[in-house]
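As structure tokens, the structure follows; a few thoughts come after it.
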Amino acid sequence: MPKQATNLFVFFLLFFVSFSYTQNVKFGKVSKEELQEKFYPLDSSAHAAILYKKRRTYYDYSQQIGWTLVTKVHERIKIYDKDGYDWATKKISLYRKGGDKEKVSIKAVTYNLVNNKVEKTKLKNNQIFNEDINKYWSQSKLTMPNLNEGSVIEWEYSIRSPYIQNIDDMVFQYKIPLKYIDTQVEVPEFFVFKNQSKGYFPVNLKKSTKSSQIVLTSKDRTRGTTSFNQDKVPYTSNISHCIQENVPALLEEPFTNNIDNYITSLKYELTAYRPKNGLPKYYNTTWDNVTKTIYESANFGEQLKKSSHFKEDLASIMSTSASQNEKIIAIYQFVKNKIKWDNFRGKYTDKGVKKAYKEGVGNAAEINLTLVAMLREAGITANPILVSTRDNGIPLFPTTQGFNYVIAGVELANGTLLLDATEKHAPPNVLPLRALNWQGRIIRKDGSSAQIDLSPKKYSSKKVYLNVKLDEDALATGSCRAMYSELMALNYRNNYNKVNNQDLIGKLEKDNENIEISELKVSNEDDISKALAHTFSFETDNQVEVIGDKMYFSPLLFLTERENPFKLENRTYPVDFGAPFEEKYTISIDIPEGYTVESKPENVGYGLPDRMGSFKFATILKGNKLQVLANTKINAPVISPMYYASLKEFYKKLVDKQLEKVVLSKK
């Protein structure tokens with residue numbers, strides 16, 4: 001096709017994609033063309049695409065109950081193949097507190113093309129499942145019926161909420177392509193919201209106003225006659241409106257903190273309520289206000305004052321601990337053993353620290369506020385640190401909703417010691433990955449607060465020692481010893497400490513290219529003061545290729561990294577490793593009798609810009625032993641997207657080097 005014709009085709013394709021959904025789309029009116037579409041025109045790799053989304057958020061006033069926040073959503077999604085089926089499940093979270101709760105109404109339909117006719121399958125009420133997540137949140141979940149490759153699914157739902165300050169983010173980008181979105185938020189002038197945008201895709205947000213009114217009806221009885229009067233209260237509504245077309249998917253790669261942190265969206269935070277008549281009410285506008293509000297809560301700061309229930313236990317701990325460091329460690333270990341975590345992440349206590357202490361089970365706040373209280377009672381400068389977990393996102397501006405977790409901090413001369421007693425296997429200053437989310441906020445007794453860097457300073461390490469014997473039949477046998485420290489040790493203990501030996505062998509065999517493992521032994525499973533180690537014997541016949549009188553194998557054998565984890569052309573969000581780390585491999589290979597090393601990979605060293613990381617590789621031949629040394633070191637837990645091209649090239653070189661072959665030939 002000539003270049004001019006190609007350009008014209010692309011123009012008309014884009015025009016069609018844009019024009020198709022600029023008109024108002026009616027629920028239930030799905031076309032044959034939509035059902036016949038085999039792939040998304042602008043991204044043939046997409047497994048599903050949002051064809052159309054319309055959202056309206058506005059306030060409704062009732063004289064009986066006051067303001068209600070209403071959000072209505074209409075969404076149409078094309079499923080291209082089975083890998084897109086996940087998009088046919090919808091989860092709608094609903095908040096509740098006391099007797100007030102959000103309510104949702106839903107209707108949904110699946111469309112298929114059967115004998116050239118559009119077949120509709122409606123979602124039934126008994127296919128919508130409502131479940132309680134915890135005391136504050138419930139969830140309405142649906143999975144669309146009669147789902148096939150090529151189906152189009154569509155739902156409409158409306159949420160009515162008494163929580164008038166909680167406007168959901170205006171989201172303009174998803175993990176699949178978005179053909180057309182029309183989203184609008186309409187806010188009466190009485191509510192003052194702060195906005196903060198995030199993400200990298202440019203949006204065309206338009207702001208306007210319109211005149212509205214509240215109608216108030218009053219009843220008047222005079223001389224036995226009842227009359228009704230109406231008063232109209234005029235006000236102005238502020239409107240944010242955005243139409244976007246052909247928004248590309250935000251693709252997720254490995255080492256991503258929380259992809260939702262980087263999706264293009266606009267956040268809303270209520271800062272004030274200003275009624276026509278009456279005093280205005282101001283909400284959290286600074287971090288000091290936020291921390292003050294949280295600290296003064298009966299379910300937070302008041303809990304730190306309670307100590308009578310643990311004084312006897314604390315006295316026993318103190319009698320066996322001499323130095324301040326010993327006291328900190330002993331109290332930390334005691335709380336971890338005393339109160340088991342119930343997996344709820346709240347920053348506020350639920351049943352309170354005393355009851356959790358007595359029952360031996362509690363949420364994150366009950367455990368870590370107990371830890372802070374005991375440390376303080378022991379004369380140690382300890383304070384709670386507010387955290388937003390990775391799945392909760394990053395607070396972009398001062399907000400109580402931005403935090404959903406709390407840990408303990410001990411302020412020492414050389415820095416702040418971070419402690420999370422929900423984690424049985426976590427030593428001091430090693431936080432679980434869920435809590436490693438950039439910055440926390442420490443709240444001190446005097447009411448002051450400050451940002452705390454949560455990033456680990458010590459390297460998380462994996463050191464592997466491999467002794468291998470090759471025989472003339474290309475069978476490799478030997479022993480392996482691997483040692484893990486810091487975050488890597490915590491993750492190993494959490495993942496495998498409760499796994500029986502045989503299942504762990506199966507997992508290790510699968511992770512190491514199906515070698516056969518025997519005599520597995522794990523050391524220091526529960527002694528978190530030491531590196532965790534496992535040793536095993538192995539046998540494998542799939543690591544060496546024999547061609548004629550030569551043998552070929554990768555120098556790291558089954559430890560070889562065979563694929564670059566970074567594949568995107570460009571990445572607009574950071575690479576998050578969680579912690580700085582080092583992976584070190586020391587391998588000794590006995591060359592089979594009658595063979596000699598014909599060639600081996602050259603020794604190299606690669607570095608990342610600004611000393612962010614390095615890779616060193618060397619092979620040393622001594623007699624009939626080949627020693628292989630490989631060391632990867634990443635010095636920064638988070639790497640900016642501006643360095644993505646360098647990081648991608650670094651890993652390409654690393655993988656290419658590991659894939660180079662050692663060649664043995666018969667003498």
Side-chain angles (χ1 to χ4, degrees), residues 252-259 332-333 336-337 340-341 343 345 364 367-368 387-392 405 407 417-438 440 454-465 480-501 503-512 517 520-536 558-559 561 563 565 574-585 613 631-639 651:
E252 185 172 5
E253 270 196 327
F255 306 112
T256 300
N257 176 319
N258 174 3
I259 193 67
Y332 179 47
Q333 284 300 123
K336 287 200 287 184
N337 293 329
K340 182 182 178 182
W341 186 37
N343 292 317
R345 300 182 178 185
I367 293 171
N368 285 321
V387 172
S388 175
T389 56
R390 288 183 167 228
D391 59 358
N392 193 57
Y405 198 70
I407 62 173
L417 185 69
L418 305 177
L419 305 169
D420 184 352
T422 67
E423 282 290 343
K424 179 183 177 182
H425 300 116
N429 256 350
V430 176
L431 297 179
L433 190 62
R434 64 176 174 272
L436 294 176
N437 200 21
W438 297 14
L454 301 173
S455 301
K457 305 300 182 290
K458 292 182 71 174
Y459 285 82
S460 180
S461 72
K462 175 183 178 182
K463 296 179 180 178
V464 182
Y465 303 90
C480 175
R481 177 174 174 80
M483 301 175 66
Y484 302 83
S485 72
E486 301 295 311
L487 184 60
M488 287 188 183
L490 173 60
N491 291 339
Y492 189 107
R493 288 181 170 112
N494 282 341
N495 290 333
Y496 303 127
N497 264 19
K498 293 182 180 179
V499 177
N500 67 54
N501 208 56
D503 288 343
L504 182 54
I505 286 175
K507 177 74 169 65
L508 290 172
E509 286 179 338
K510 183 178 179 182
D511 290 346
N512 290 282
I517 290 176
L520 173 66
K521 181 182 177 182
V522 182
S523 306
N524 305 324
E525 288 176 284
D526 296 312
D527 188 352
I528 61 174
S529 65
K530 298 178 181 178
L532 182 139
H534 70 229
T535 59
F536 58 77
F558 54 83
L559 300 174
E561 190 158 358
E563 192 174 342
V575 175
D576 192 328
F577 293 106
F581 70 89
E582 181 177 27
E583 291 183 348
K584 190 172 183 179
Y585 299 99
N631 188 9
T632 305
K633 199 170 185 180
I634 297 294
N635 301 320
V638 179
I639 294 181
Y651 266 87

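What you see is a predicted model; the values in this text were computed from it and never measured.
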Closest contact, heavy atoms only, [X] versus [Y]:
X: H425; Y: D526; answer: NE2-OD1, 3.8 Å
X: G613; Y: N635; answer: N-ND2, 3.6 Å
X: L508; Y: N512; answer: O-ND2, 2.8 Å
X: K457; Y: P580; answer: O-CG, 4.3 Å
X: L433; Y: G578; answer: CD1-CA, 4.0 Å
X: A489; Y: L532; answer: CB-CB, 4.5 Å

Show, in sequence, the C-alpha distance, side-chain angles and deciding distance for L436 and L487, and conclude whether the side chain to side chain contact (heavy atoms under 4.5 Å, CB included) test is met.
CA-CA 11 Å; L436 294 176; L487 184 60; 3.9 Å; yes
Check against side-chain hydrogen bond (donor to acceptor under 3.5 Å, both in side chains), D420 and Y405
CA-CA 10 Å; D420 184 352; Y405 198 70; 2.6 Å; yes
Honestly, is K336 close enough over Y332, meaning NZ or CZ under 6.0 Å from the six-membered ring centre and within 45° of the axis?
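The answer is yes, since K336 meets both limits relative to Y332.
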Measuring from atom [atom1] of [X] to atom [atom2] of [Y], what distance do you get when rounded to the nearest 0.5 angstrom?
X: T389; Y: L431; atom1: OG1; atom2: CG; answer: 12.5 Å
X: N501; Y: L520; atom1: CG; atom2: CG; answer: 4.5 Å
X: S529; Y: Q333; atom1: OG; atom2: CD; answer: 9.0 Å
X: K507; Y: D511; atom1: NZ; atom2: CG; answer: 3.0 Å
X: M483; Y: K584; atom1: CE; atom2: NZ; answer: 11.5 Å
X: N258; Y: R434; atom1: CG; atom2: CZ; answer: 15.0 Å

Step-by-step side chain to side chain contact (heavy atoms under 4.5 Å, CB included) determination, L419 to I407:
CA-CA 6 Å; L419 305 169; I407 62 173; over 6 Å; no
Does a side-chain heavy-atom distance below 4.5 Å link [X] with [Y]?
X: W438; Y: D576; value: yes
X: I528; Y: E423; value: no
X: N437; Y: N392; value: no
X: C480; Y: V464; value: yes
X: K463; Y: M488; value: no
X: N497; Y: K424; value: no

Could you pull out all residues at least two apart from [X] that satisfy salt bridge (charged side-chain N to carboxylate O under 4.0 Å, His left out)?
X: D503; value: none
X: K458; value: E486
X: E253; value: R571
X: K340; value: none

Assess the residue pair N631 and E582 against the criterion (side chain to side chain contact (heavy atoms under 4.5 Å, CB included)); give the C-alpha distance rounded to whole Å, side-chain angles, the decisive distance to 0.1 Å, and a yes or no.
CA-CA 7 Å; N631 188 9; E582 181 177 27; 3.1 Å; yes
Donor-acceptor pair, side chain of [X] and main chain of [Y], under 3.5 angstrom:
X: N429; Y: P456; value: no
X: S485; Y: S461; value: yes
X: R493; Y: E525; value: yes

Partners passing ring pair (Phe, Tyr, Trp, His ring centres under 6.0 Å) against Y484 (at least two apart in sequence or in another chain):
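Ring pair (Phe, Tyr, Trp, His ring centres under 6.0 Å) check on Y484 returns Y492, H534.
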Qualifying residues under ring pair (Phe, Tyr, Trp, His ring centres under 6.0 Å), relative to F577, sequence neighbours excluded
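With sequence neighbours excluded, F577 shows a ring pair (Phe, Tyr, Trp, His ring centres under 6.0 Å) to F255, F581, given in chain and number order.
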Stepwise side chain to side chain contact (heavy atoms under 4.5 Å, CB included) check, E561 with T632:
CA-CA 11 Å; E561 190 158 358; T632 305; 5.9 Å; no
